[in-house]
Amino acid sequence: MRLFSKKKNIIRTDPNLKPSERFEKVLLDRLEKEGFKHLKSKHEFVQDFEYGKRIISLSYNNSIGYISTVQYFIKIIFTDLEKAFKKVYPDYGWTNWTIHENLHWTESSLYDDKTIGYSDQSINKLSDEFFFEIKPKIDLTFSKISDYQSLNETYNSNPNEFIDYLPHSRLEKRIINGLILSKSVEPSNFETIRINYLRLLDNYKGNDIDDIKNEVEYGLKFLNENEIKINTTANN
């Protein structure tokens, strides 16, 4: 039996609110104890930490006129690294995250088929599923990537594996971020890491490969001509 199916004290919600708002208020009841703030308009929970921000992002599946399952994403912003990336690509635009991980859809539904609506029972059940099955995965990533040393290890020890943490369409961001990290954390390995990333790029089969290679070439030229390093100690 799944833990989240056991009986517990039900958190009552306001039926006049949107179903997503009711669900997120139940999540917030526990997440705010960990320092998360709720960005209702973005369906996100944001937690500050020494090097930037940690974000839990929700996406709702609207199926046959009602919200059924929920998809969760993790975002981690390492502020100084993102500022350094913007120096290389000031017009890059979309995205302000260093880590972006997809945790897939829930099994339970926000909609209650028995009551033909959104009940406190179905909302709390989905919340339980989040805390028992999804939140441990979030905590694992947050603890695994907690400072610039661990971020560098995740980015640069095996570039092929790191695809799990960034969308395939953002290879240029991953490569240049990795090289900025290398310059700051392990400069003696910069050339080796650069070669490994270019090999990774050679294996990429997307239709946008020419555009990505041009972006990476521009970034490499900028890094060769400019001293771009980040402060890897905690921000006070």
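Note: hydrogens, waters and symmetry copies are ignored here, and every other heavy atom, side chains too, is used. Count residues from 1 along the sequence.
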Between [X] and [Y], what is the shortest heavy-atom contact and its length?
X	Y	answer
Y155	R174	CE2-O, 3.5 Å
F130	P136	O-CD, 4.4 Å
S108	T69	O-CG2, 3.6 Å
S146	S150	N-OG, 2.9 Å
S127	V26	OG-CG1, 3.4 Å

Any chance you could measure N156, atom CG, to S182, atom OG, to the nearest 0.5 Å? 6.0 Å
State whether E227 and K229 are salt-bridged, where the test is any N-O pair (Lys NZ or Arg NE/NH1/NH2 against Asp/Glu carboxylate O) under 4.0 Å. yes
Indicate yes or no: does E82 engage K53 in a salt bridge with an N to O separation below 4.0 Å. no
Results of side chain to side chain donor-acceptor pair (under 3.5 Å) for Y60 - residues two or more places apart only: E24
Under the side chain to side chain donor-acceptor pair (under 3.5 Å) rule, collect the residues that match up with R22, sequence neighbours excluded. T13, D120
Side chain to side chain contact (heavy atoms under 4.5 Å, CB included) involving [X] - partner list, sequence neighbours excluded:
X	answer
D211	none
T141	I74, I76, E101, I145, Y165
K37	none
I209	L201, Y204, K213

Contacts satisfying salt bridge (Lys or Arg N to Asp or Glu O under 4.0 Å) that involve residues 69-78 (not counting sequence neighbours) are E44-K75
Any salt bridge (Lys or Arg N to Asp or Glu O under 4.0 Å) involving residues 139-148? Give me the pairs, sequence neighbours left out, ordered by first then second residue. K135-D139
Going by the angle between their ring planes, with limits at 30° and 60°, are F78 and F49 parallel, tilted or perpendicular? perpendicular
Classify the ring geometry of Y148 against Y51: parallel below 30°, tilted from 30° to 60°, perpendicular beyond 60°.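 Y148 vs Y51 ring planes: perpendicular.
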Could you verify whether a donor N or O on one side chain and an acceptor N or O on the other, from N189 and E186, lie under 3.5 Å apart? yes
Verify the distance criterion only: is there a donor paired with an acceptor across the side chains of E172 and Y92 at less than 3.5 Å? yes
Checking S122 side chain against L110 main chain: does a donor-acceptor pair fall under 3.5 Å?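 Here the side-chain-to-backbone pair exists.
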[X]: partners by ring-ring contact (aromatic ring centres under 6.0 Å, His included), with sequence neighbours left out:
X	value
F45	H38
F190	none
Y111	Y66, Y118
F222	none

Sub-4.5 Å side-chain heavy-atom contact between Y197 and L171: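 Y197 vs L171: side chains apart.
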Heavy-atom check, side chain of Y72 versus side chain of S57, under 4.5 Å: no
Working for salt bridge (Lys or Arg N to Asp or Glu O under 4.0 Å), residues K125 and E129: CA-CA 6 Å; K125 181 181 178 182; E129 180 180 325; over 6 Å; no
Would N102 and Q71 satisfy side-chain hydrogen bond (donor to acceptor under 3.5 Å, both in side chains), going step by step from the backbone distance to the final call? CA-CA 8 Å; N102 178 5; Q71 186 175 26; 2.9 Å; yes
